[in-house]
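First up is the structure itself, then whatever we jot down about it.
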Amino acid sequence: MFVILSYDAESRRCGKLRKIAKRYLHPVQRSVFQGFLTEKQCCLLKEELSKILDTEKDTAVLYKLPQADFLQIDEIGTSDRREEHIL
């Protein structure tokens with residue numbers, strides 16, 4: 001499935017969250033990542049993020065598209081992404 005991860009956290013946790021996200025997904029912006037994951041990988045990612053996030057102050061959102069056939073990405077401007085376009 002295609003997954004987009006976005007998070008908003010206190011700055012002291014952002015580095016750890018970014019490191020976890022980069023193990024699973026490609027960076028798009030400072031706190032936005034995207035890529036293809038299996039259901040198991042998605043569960044592992046959520047577990048790892050949950051260990052770092054303070055749910056009283058932080059938020060992480062995973063958008064999941066089961067079929068990438070319907071996905072269209074329009075990008076304007078620069079991004080942190082070091083990879084070419086995924087699709």
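All values derive from a computational prediction rather than experimental measurement. The residues of the chain are indexed from 1 along the displayed sequence.
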(request) Please test R18 against S31 for side-chain contact (heavy atoms from CB on, under 4.5 Å), starting from the C-alpha separation and ending with a verdict. (result) CA-CA 7 Å; R18 183 172 179 76; S31 60; over 6 Å; no
(request) Before giving the answer on side-chain contact (heavy atoms from CB on, under 4.5 Å), spell out for I20 and I52 the whole-Å C-alpha distance, their side-chain angles and the decisive distance to 0.1 Å. (result) CA-CA 10 Å; I20 292 168; I52 304 299; 3.6 Å; yes
(request) Would you give the length of the straight line joining atom OG of S6 to atom CZ of F33, rounded to the nearest 0.5 angstrom? (result) 9.5 Å
(message) To the closest 0.5 Å, what do you measure between CG (L17) and CG (D8)?
(response) 10.0 Å
(request) Any side chain to side chain donor-acceptor pair (under 3.5 Å) involving residues 44-54? Give me the pairs, sequence neighbours left out, ordered by first then second residue. (result) R23-E48, Y24-E48
(message) Could you work out, with side-chain contact (heavy atoms from CB on, under 4.5 Å) as the rule, every residue matching C14, not counting sequence neighbours?
(response) Y7, A9
(message) Is there a continuous path of hydrophobic side-chain contacts, each under 4.5 Å between heavy atoms, that joins L25 to Y63?
(response) no
(message) The criterion is salt bridge (charged side-chain N to carboxylate O under 4.0 Å, His left out); which residues satisfy it with E10, sequence neighbours excluded?
(response) R12, R13, K57
(request) Write down the atom of H26, the atom of G35, and the distance for their closest heavy-atom approach. (result) CD2-CA, 4.4 Å
(request) Working to the nearest 0.5 Å, report the span between CZ of F36 and CE of M1. (result) 11.0 Å
(message) With rounding to the nearest 0.5 angstrom, report the CG to CG distance, L44 to L37.
(response) 9.5 Å
(request) Please report the shortest heavy-atom distance between A60 and L53, naming the atom on each side. (result) CB-CD1, 3.6 Å
(request) Would you kindly confirm whether V61 and V32 end up in one hydrophobic cluster when ILVMFWY residues are joined by side chain heavy atoms under 4.5 Å apart? (result) yes
(request) Please list, chain by chain and in numerical order, all residues satisfying side-chain contact (heavy atoms from CB on, under 4.5 Å) with S11, sequence neighbours excluded. (result) none
(request) Say whether V28 and F2 are linked into one hydrophobic cluster, either directly or through other cluster members, by side-chain heavy-atom distances under 4.5 angstrom. (result) yes
